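Just so you know, these numbers use all the heavy atoms, side chains as well, and skip hydrogens, waters and symmetry mates. Below, chain A is the first sequence line, B the second, and so on; all start at residue 1. In this text, all values refer to a predicted model and were calculated from it rather than measured experimentally.
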2 protein chains.
Amino acid sequence: MESTLNDEQQKNRTPQMSELPTTCKEFRQACENCSLAKLCLPVSLAPQEMESLNSIIKKRLILERGKTLFNVGDSFSKLYAVHSGSFKAIMPTYYGKEQITSFYLPGELMGFDAIQSDQHQVNAIALETSSVCEIPFNGLLQLAGNIPNLQRQLIKIMSHKFNPDSNVNLNSNADERVASLLLALSSRFAQRGFSAVQFNLSMSRQDMANYLGLATETVSRIFTQMQEEKILQVNRKEIHILDFRQLQVRACVKVASE
Amino acid sequence: MESTLNDEQQKNRTPQMSELPTTCKEFRQACENCSLAKLCLPVSLAPQEMESLNSIIKKRLILERGKTLFNVGDSFSKLYAVHSGSFKAIMPTYYGKEQITSFYLPGELMGFDAIQSDQHQVNAIALETSSVCEIPFNGLLQLAGNIPNLQRQLIKIMSHKFNPDSNVNLNSNADERVASLLLALSSRFAQRGFSAVQFNLSMSRQDMANYLGLATETVSRIFTQMQEEKILQVNRKEIHILDFRQLQVRACVKVASE
DNA sequence: CGCCCGGTTGACAGATATCAAGCGTCGTGG
DNA sequence: CCACGACGCTTGATATCTGTCAACCGGGCG
């Protein structure tokens with residue numbers, strides 16, 4: 001079954017970081033050395049399988065705040081794994097009526113929107129200085145055909161988008177939306193080994209508001225309101241969750257213990 | 001490469017509809033004879049590959065209006081392809097604050113929400129008398145590993161959910177939401193060989209409203225308003241689009257020709 | 001035939017957007 | 001090092017959209 005991988009594996013066994021003169025700003029780091037491996041694609045791959053995956057991931061790109069990784073209409077050939085920093089995906093529509101559809105944190109994959117039509121459907125913009133690993137899509141599919149674990153992992157990652165909680169609930173008010181976003185970010189930071197109760201937002205209030213379908217003023221007012229109620233402490237981009245339980249109540253989260 | 005499939009294929013070659021005494025109401029019909037094959041999973045499969053897929057699809061279930069196919073928390077083992085009729089996926093939350101997350105038409109696959117946690121995240125409820133084909137998920141993955149076309153097709157189907165247009169735009173008003181939903185349904189009916197300008201809604205106004213994050217009264221008012229403006233003709237569940245172009249304008253659709 | 005339920009319509013209220021002003025921080029340049 | 005300007009954020013006043021409540025209508029079903 002693995003006979004088709006031999007030359008990929010061969011290539012991977014050759015020394016690192018010397019052979020390819022490219023224009024990118026940094027060479028890849030092996031997945032097996034990446035602290036994000038447990039969040040990203042290589043979850044539960046055997047060392048040998050991880051090596052195969054590694055062999056198709058050639059480049060790491062660095063983007064500064066505000067730079068776009070890809071734009072609507074760009075032709076599709078690669079997925080991108082956030083290695084550091086963060087991104088927003090934004091769908092331009094009429095007259096500045098753009099809609100931010102996702103935020104991406106380290107270990108998360110971007111570009112799935114383009115699979116259907118082979119063209120990207122959103123602009124991906126760095127929210128801060130960030131780096132991404134390029135994952136050639138055809139290579140990934142080929143590999144996934146040979147590594148059941150990788151196939152399952154890819155499909156599992158894609159299935160996140162089908163979780164109703166990963167989208168903003170349309171039948172929720174402004175409170176619930178802001179609270180839900182904060183809880184979602186909190187949980188994603190925690191997954192990455194950061195504090196669940198204190199973190200920095202990389203997006204502006206306007207980005208949050210747009211993502212949630214609110215006005216920036218409304219987001220701002222809800223922050224001050226939640227501060228007055230001792231649920232949050234907010235200092236510009238810095239969020240401190242003081243009353244996690246109450247924040248869950250605001251987000252209408254069903255909590256197991258009650 | 002196909003050695004692992006032999007016994008599946010064997011089984012498939014045995015006569016139809018006689019061997020399996022089950023509790024389901026109808027036995028499967030072969031994918032190759034199904035008019036939905038071009039929308040469903042078997043797209044672009046070779047006859048032999050289609051046969052393999054066919055071999056894992058054992059049952060067809062029939063559900064009457066209002067019956068649930070699966071519920072939140074049900075353990076996951078199968079995807080379901082709508083064969084006839086239609087469904088809604090609904091996420092129950094606090095106190096009747098439920099949220100309808102999708103509608104499903106013939107040829108569309110349900111159950112992806114459950115992949116992540118192995119438990120369904122929504123209730124799937126028939127909007128009318130409907131039938132579905134059961135697709136064992138593990139069997140499908142195994143098959144997909146051996147049939148690159150099937151793998152690609154599965155991933156392409158899943159990627160639909162990443163298209164920003166397949167979700168309600170949060171920064172849109174009631175007009176735009178209703179218009180967008182009608183256009184989306186129109187296009188999906190057209191794909192299935194039905195009229196793009198005249199069709200029947202299987203969901204109630206309340207379902208539409210909930211899906212769109214509006215009140216039923218608002219949906220109702222927008223229907224009457226669009227009737228007065230000669231954009232639509234509405235008779236209970238029956239929709240007639242009189243001015244397609246204007247409906248697109250309402251939905252803020254970017255049209256290539258202008 | 002009459003009830004029930006989904007849908008429509010109207011009046012009103014409330015949530016949130018919009019408009020406008022002011023504030024603090026950060027970066028730049030003198 | 002300080003002053004200035006720009007920008008993002010906050011706050012207040014007001015407008016608007018949509019939700020809520022209530023009544024009514026009409027078709028379908030018992």
Readout for nucleotides 16-30 of chain D: B = base within 4.0 Å of protein heavy atom, S = sugar-phosphate only, - = neither; 5' to 3' it is --SSBB---------
Between [X] ([atom1]) and [N] ([atom2]), how many Å, whole number?
X: B:Leu232; N: C:dG7; atom1: CG; atom2: C1'; answer: 16 Å
X: B:Phe223; N: C:dT9; atom1: CZ; atom2: C1'; answer: 16 Å
X: A:Gln225; N: C:dT16; atom1: CD; atom2: C1'; answer: 13 Å
X: A:Ile239; N: D:dC9; atom1: CD1; atom2: P; answer: 11 Å
X: B:Asp207; N: C:dG6; atom1: CG; atom2: C1'; answer: 11 Å
X: A:Glu238; N: C:dT25; atom1: CD; atom2: P; answer: 13 Å
X: A:Met208; N: D:dT10; atom1: CE; atom2: P; answer: 10 Å
X: A:Asn210; N: C:dT16; atom1: CG; atom2: C1'; answer: 16 Å

Margin query: Please tell me whether B:Ser131 and B:Ser84 have a donor and an acceptor in their side chains that are separated by less than 3.5 angstrom.
Written below: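 Checked: B:Ser131/B:Ser84 side chains pair up, N/O donor to acceptor below 3.5 Å.
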Next on the checklist: For B:Ser117, run the side-chain hydrogen bond (donor to acceptor under 3.5 Å, both in side chains) check against B:His120, B:Gln119, B:Gln121 and tell me which one passes.
Outcome noted: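 Between B:Ser117 and the candidates, side-chain hydrogen bond (donor to acceptor under 3.5 Å, both in side chains) is satisfied uniquely by B:Gln121.
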Contact under 4.0 Å: A:Ser220 side-chain N or O vs D:dT11 OP1/OP2
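Negative; the distance criterion is not met.
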Fill in: Any B:Lys237 side-chain N or O less than 4.0 Å from OP1/OP2 of C:dG6
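For C:dG6, neither OP1 nor OP2 has a side-chain N or O of B:Lys237 closer than 4.0 Å.
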| request: Determine, stepwise, if the pair A:Tyr80 / A:Phe70 fulfils ring-ring contact (aromatic ring centres under 6.0 Å, His included). | output: CA-CA 10 Å; A:Tyr80 299 91; A:Phe70 52 76; 5.8 Å; yes
Could you list the donor-acceptor pairs under 3.5 angstrom formed by side chains in residues 174-183 of chain A, with sequence neighbours left out?
unit_1: A:Asp175; atom_1: OD2; unit_2: A:Arg250; atom_2: NH1; d: 3.4
unit_1: A:Glu176; atom_1: OE1; unit_2: B:Lys97; atom_2: NZ; d: 3.3
unit_1: A:Glu176; atom_1: OE2; unit_2: B:Lys97; atom_2: NZ; d: 2.4
unit_1: A:Arg177; atom_1: NE; unit_2: A:Ser172; atom_2: O; d: 3.2
unit_1: A:Arg177; atom_1: NE; unit_2: A:Ser172; atom_2: OG; d: 3.2
unit_1: A:Arg177; atom_1: NH1; unit_2: A:Leu212; atom_2: O; d: 2.8
unit_1: A:Arg177; atom_1: NH2; unit_2: A:Leu170; atom_2: O; d: 3.2
unit_1: A:Arg177; atom_1: NH2; unit_2: A:Ser172; atom_2: O; d: 3.3
unit_1: A:Ser180; atom_1: OG; unit_2: A:Glu176; atom_2: O; d: 2.7

Note to self: Can you list everything that forms a side chain to side chain donor-acceptor pair (under 3.5 Å) with A:Ser187? Sequence neighbours excluded, please.
What the structure shows: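 For A:Ser187 there are no side chain to side chain donor-acceptor pair (under 3.5 Å) partners, ignoring immediate neighbours.
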### Query
Should the pair A:Arg188-A:Glu108 be classified as a salt bridge under the 4.0 Å nitrogen-to-oxygen rule?
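A:Glu108 and A:Arg188: salt-bridged.
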